[in-house]
Amino acid sequence: MGFFDFLKQEPQKPVPIKQTKSKKIEDVVSDDSEIRKLQRDLKAQDKQLEQIIYAESYFEKTGDIGFLVEFWEGIWKSGGLLFDGSKWTFRLPDLYIEIGEYNKALSVLKKIKSPYYADKRDSYIKKVKKMQSKN
């Protein structure tokens, strides 16, 4: 017995390989259709984000807030954002607040149902009601 024998590893027992079911063609096709749906969704999100960036940059160049409000109203009328994002979710209420359309801002805020934005939505509602009462 040598001094460093304790460093030698014992051979491991072989672990039996679990047999798994081979995938059926239906499973593969199902996976492919899910992938295609995901790709379509991502493409639609990309397109919507491009439109948002264009509209926002147009507003920055021209200052045409009417155009921007119409653009965001169109987003909300067509089902809303296709992705999550606090900045964009609250963009239309921000614009309505900026132009003094408090009832419209409240209307949009009440449509925000995501639990992720509940606190922010509630604080916006309080803020808008306070501004409304000052007028």
Side-chain angles (χ1 to χ4, degrees):
M1 184 165 156
F3 185 71
F4 291 105
D5 283 349
F6 70 93
L7 293 175
K8 292 181 182 174
Q9 292 184 349
E10 292 290 321
Q12 292 183 340
K13 293 180 184 174
V15 178
I17 297 175
K18 249 185 166 179
Q19 291 294 325
T20 60
K21 284 187 188 177
S22 61
K23 281 197 166 192
K24 296 179 185 173
I25 189 72
E26 297 85 24
D27 295 336
V28 174
V29 170
S30 173
D31 290 348
D32 285 349
S33 65
E34 289 175 29
I35 290 170
R36 284 193 295 275
K37 182 188 178 317
L38 182 60
Q39 288 172 330
R40 281 192 307 272
D41 291 349
L42 291 173
K43 190 173 183 178
Q45 289 175 5
D46 287 345
K47 182 179 178 185
Q48 188 180 60
L49 188 56
E50 285 175 18
Q51 292 170 339
I52 289 169
I53 291 168
Y54 172 80
E56 292 289 336
S57 66
Y58 181 81
F59 169 67
E60 285 178 22
K61 290 176 189 171
T62 65
D64 186 352
I65 198 163
F67 165 81
L68 195 57
V69 167
E70 277 185 41
F71 170 79
W72 280 103
E73 287 172 341
I75 293 281
W76 279 86
K77 285 177 186 172
S78 66
L81 289 172
L82 301 176
F83 54 90
D84 288 329
S86 174
K87 175 182 177 180
W88 302 126
T89 299
F90 289 87
R91 186 60 170 139
L92 185 56
D94 283 335
L95 292 170
Y96 282 145
I97 292 167
E98 191 173 325
I99 62 175
E101 294 281 352
Y102 303 122
N103 287 333
K104 289 182 179 181
L106 287 172
S107 174
V108 172
L109 288 166
K110 290 175 183 175
K111 292 177 185 176
I112 298 172
K113 301 295 183 196
S114 172
Y116 300 116
Y117 305 134
D119 290 341
K120 186 171 182 174
R121 177 200 58 222
D122 294 345
S123 87
Y124 260 67
I125 289 172
K126 287 178 188 174
K127 174 182 162 185
V128 171
K129 285 182 177 180
K130 188 176 182 180
M131 295 170 85
Q132 209 174 25
S133 69
K134 288 182 182 180
N135 287 345

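In what follows, residues are counted from 1 in the order of the sequence shown.
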**OP:** Answer yes when Lys37 and Asp41 have at least one side-chain N-carboxylate O distance shorter than 4.0 Å, and no when they do not.
**Re:**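 Judged by the 4.0 Å cut-off on N to carboxylate O distance, Lys37 and Asp41 do form a salt bridge.
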Taking a hydrophobic cluster as the set of Ile, Leu, Val, Met, Phe, Trp and Tyr residues connected by side-chain heavy atoms closer than 4.5 Å, whether directly or through intermediates, do [X] and [Y] fall within one such cluster?
X     : Y     : value
Tyr58 : Leu92 : no
Ile53 : Val69 : yes
Leu42 : Leu81 : no

**OP:** Check the surroundings of atom CZ in Phe67: do more than 12 heavy atoms from other residues, nucleotides or ligands lie under 6.0 Å from it?
**Re:**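 Result for CZ/Phe67: enclosed.
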Original post:
Taking only residues at least two apart or on different chains, which pairs with a member in residues 76-94 satisfy side chain to side chain donor-acceptor pair (under 3.5 Å)?
Top reply: Glu56-Arg91, Ser86-Lys120, Asp94-Tyr124
Subject >> Sequence-distant partners of Tyr54, ring-ring contact (aromatic ring centres under 6.0 Å, His included), two or more places apart >> reply: none
Closest non-hydrogen atom pair between [X] and [Y], with its separation:
X      : Y      : result
Ala105 : Pro93  : CB-O, 4.0 Å
Leu109 : Arg121 : O-CD, 3.1 Å
Tyr117 : Gly85  : OH-N, 2.9 Å
Leu82  : Gln45  : O-NE2, 2.9 Å
Ile52  : Phe83  : CD1-CZ, 3.8 Å

Between [Y] and [X], is there a side-chain heavy-atom distance shorter than 4.5 Å?
X      : Y      : value
Val108 : Lys104 : no
Glu73  : Tyr96  : yes
Lys126 : Lys130 : no
Tyr102 : Lys129 : no
Ser107 : Lys111 : yes

Original post:
Given Phe90, which of Leu95, Ile112, Ile97 fulfils the side chain to side chain contact (heavy atoms under 4.5 Å, CB included) condition?
Top reply: Ile112
Original post:
Backbone N or O of Gly80 within a donor-acceptor pair of the Gln48 side chain at under 3.5 Å?
Top reply: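 Checked: pair present.
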**OP:** Report the distance from atom CD1 of Ile65 to atom CG of Leu68, rounding to the nearest 0.5 Å.
**Re:** 6.5 Å
Original post:
Taking atom CG of Asp122 and atom NZ of Lys127, what is their separation to the nearest 0.5 Å?
Top reply: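 NZ of Lys127 is found 14.0 Å from CG of Asp122.
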